[in-house]
Amino acid sequence: MPADAQTTFPQDEVHHAVSNGIGAPEFNLPLPDRPEIITANILKLLEQAHDPRLRFLLKTLTRHMHQFITETSLTTDEWMKAIEFLTRVGQTCTPIRQETILLSDVFGISALVDAINNPPAAGATESSVLGPFFTEDAADVELGHSIASEGKGEYMFVEGTVKGTDGKPIPNVTIDTWETDDHGFYDTQYTSREAPDCRGRLRTDSEGRYSYRAVVPVPYPIPGDGPVGEMLLNMRRHNMRPAHLHMMFEAPGYAKLVTAFYPAGDEFIQSDAVFGVKKSLVVNLEQVNDPERAKALGFKRAEGFKYLRKDIVMRTEAEARETRTQIDEKTGLPLFDD
Ligand code: BEZ
Ligand code: FE
């Protein structure tokens with residue numbers, strides 16, 4: 001942007017309004033006397049974008065948006081309502097609340113982007129939606145220790161091994177894991193939050209093993225007090241996610257894996273409000289009624305607990321790149337990575 005291309009000034013300063021520095025195109029556009037000419041004109045203008053991927057994305061998006069308006073004969077009133085809705089979505093965002101991502105989630109857009117970019121590959125663990133409740137401030141948790149403070153829910157012990165697609169264990173994988181308490185709230189949803197809870201960061205040992213204590217996840221509603229919540233009511237859709245435990249895996253040379261595991265039997269598993277559940281991510285929790293074992297694992301109230309064993313397979317960066325190359329070959333265009 002040119003240095004003086006701002007739009008507001010103190011009244012006592014003299015400025016001239018300036019353009020963004022790009023001149024008129026070398027062609028003249030026909031005046032848009034008919035709806036089709038408007039579509040043709042914007043598509044022609046978009047030809048000027050330098051980056052081929054950006055040009056492709058913008059032209060395709062524009063064609064679909066114009067097609068939608070033409071096909072539905074959208075009324076002026078409906079379009080104003082849509083603008084007011086989108087404005088409210090933006091205005092609802094705060095540093096700790098992301099209503100725009102929520103909108104993408106409930107339309108299945110987050111899940112679709114994830115599914116296209118992370119197709120099931122060579123036995124690798126599948127991905128799931130990240131959601132808005134991951135935080136960077138989780139405490140480091142030693143293997144076998146608890147991510148939840150006492151009283152946050154029914155006991156659960158989680159363990160497994162992280163391997164590559166070659167079957168070799170991966171040591172020192174950073175694992176972030178987070179979940180709600182048994183009231184269905186993430187720690188960040190409490191105004192009284194002083195420290196992270198029901199979340200932690202672990203590292204696999206030299207043989208790729210991880211283990212930790214947690215609480216049994218419960219189904220919970222995604223935020224319903226904003227414009228996206230209102231929209232779901234208008235759609236007559238519930239705003240529930242089935243119970244799940246989020247896990248994210250990172251290791252040098254491997255593609256980051258963002259996933260979640262969904263205990264079987266949840267009433268919302270086949271109508272997840274954000275379309276995050278894949279068959280391979282549905283897990284069985286085993287009930288262990290062994291007070292001695294519970295005590296040895298460090299549970300305070302030595303009674304039963306639920307047990308989840310989940311082995312993980314990560315793709316290397318090269319394997320993930322190969323998948324992306326195959327996707328690009330389908331669209332015929334390289335990634336736009338500006
Ligand atoms: C979550 O699982 O944390 C989540 C995902 C999408 C929207 C809201 C919550
Ligand atoms: Fe969640």
Side-chain angles (χ1 to χ4, degrees), residues 98 101-102 104-106 108-121 124-136 138 141 147-148 152-154 156-162 173-182 184-189 196-202 204 210-223 238-250 254-285 306-315:
Q98 237 304 352
I101 295 184
L102 200 61
S104 151
D105 293 338
V106 300
I109 293 172
S110 310
L112 186 58
V113 171
D114 173 49
I116 286 169
N117 284 278
N118 300 289
T125 303
E126 290 196 273
S127 55
S128 189
V129 287
L130 172 70
F133 293 113
F134 166 71
T135 68
E136 292 284 355
V141 174
I147 63 163
K152 290 294 170 177
E154 194 189 337
M156 178 168 77
F157 191 75
V158 189
E159 67 177 346
T161 300
V162 183
V173 177
T174 303
I175 304 176
D176 269 289
T177 180
W178 66 104
E179 61 175 338
T180 68
D181 61 18
D182 63 356
F185 290 116
Y186 285 95
D187 57 352
T188 50
Q189 293 176 287
D197 201 354
C198 294
R199 63 180 75 237
R201 177 170 284 182
L202 308 100
T204 56
Y210 73 89
S211 59
Y212 60 100
R213 283 179 275 131
V215 293
V216 175
V218 296
Y220 68 84
I222 60 172
H238 72 67
N239 66 339
M240 295 299 290
R241 292 220 66 203
H244 56 276
L245 174 70
H246 293 273
M247 293 185 82
M248 184 160 90
F249 300 82
E250 284 177 273
Y254 289 86
K256 179 169 161 178
L257 169 64
V258 178
T259 191
F261 299 109
Y262 300 83
D266 191 292
E267 82 171 286
F268 299 108
I269 216 149
Q270 287 186 273
S271 64
D272 181 3
V274 301
F275 312 96
V277 189
K278 294 171 179 167
K279 211 193 308 170
S280 71
L281 302 178
V282 177
V283 293
N284 287 308
L285 300 187
K306 289 275 196 299
Y307 174 74
L308 170 61
R309 161 122 207 154
K310 192 66 204 167
D311 293 332
I312 304 295
V313 179
M314 292 180 79
R315 291 181 302 163

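Keep in mind that this is a model prediction, so the values were computed, not measured.
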Not counting sequence neighbours, which residues clear salt bridge (Lys or Arg N to Asp or Glu O under 4.0 Å) with [X]? List them please.
{"X": "Glu250", "answer": "none"}
{"X": "Lys310", "answer": "none"}
{"X": "Arg201", "answer": "Glu136, Asp176"}
{"X": "Glu267", "answer": "none"}

Which residues pass the side-chain contact (heavy atoms from CB on, under 4.5 Å) test with Glu126, sequence neighbours left out?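 Here the qualifying residues are Pro120, Lys278, Ser280, Leu281.
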Check side-chain contact (heavy atoms from CB on, under 4.5 Å) between Leu112 and all other residues, then give those that pass, not counting sequence neighbours.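 Result, side-chain contact (heavy atoms from CB on, under 4.5 Å) vs Leu112: Ile116.
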Set of side-chain hydrogen bond (donor to acceptor under 3.5 Å, both in side chains) partners for [X], sequence neighbours left out:
{"X": "Asn118", "answer": "Asp114, Arg315"}
{"X": "Asp181", "answer": "Tyr190"}
{"X": "Tyr212", "answer": "Thr177"}
{"X": "Asp187", "answer": "Arg193, Arg199"}

After noting the C-alpha distance and the side-chain angles of Trp178 and Phe134, does the key distance pass the ring-ring contact (aromatic ring centres under 6.0 Å, His included) rule? CA-CA 7 Å; Trp178 66 104; Phe134 166 71; 5.1 Å; yes
With Phe275 via ring pair (Phe, Tyr, Trp, His ring centres under 6.0 Å) - residues at least two apart: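 Scan of Phe275 (ring pair (Phe, Tyr, Trp, His ring centres under 6.0 Å), adjacent residues dropped) gives none.
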The criterion is ring pair (Phe, Tyr, Trp, His ring centres under 6.0 Å); which residues satisfy it with Tyr220, sequence neighbours excluded?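 With sequence neighbours excluded, Tyr220 shows a ring pair (Phe, Tyr, Trp, His ring centres under 6.0 Å) to Tyr186, His244, given in chain and number order.
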If I take atom CE from residue Met240 and atom CD1 from residue Ile269, how far apart are they, to the nearest 0.5 angstrom?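 Interatomic distance, Met240 CE to Ile269 CD1, rounded to 0.5 Å: 12.5 Å.
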Give a yes or no answer on whether the side chain of Asp311 reaches the backbone of Thr161 with a donor-acceptor pair at less than 3.5 Å.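 Yes.
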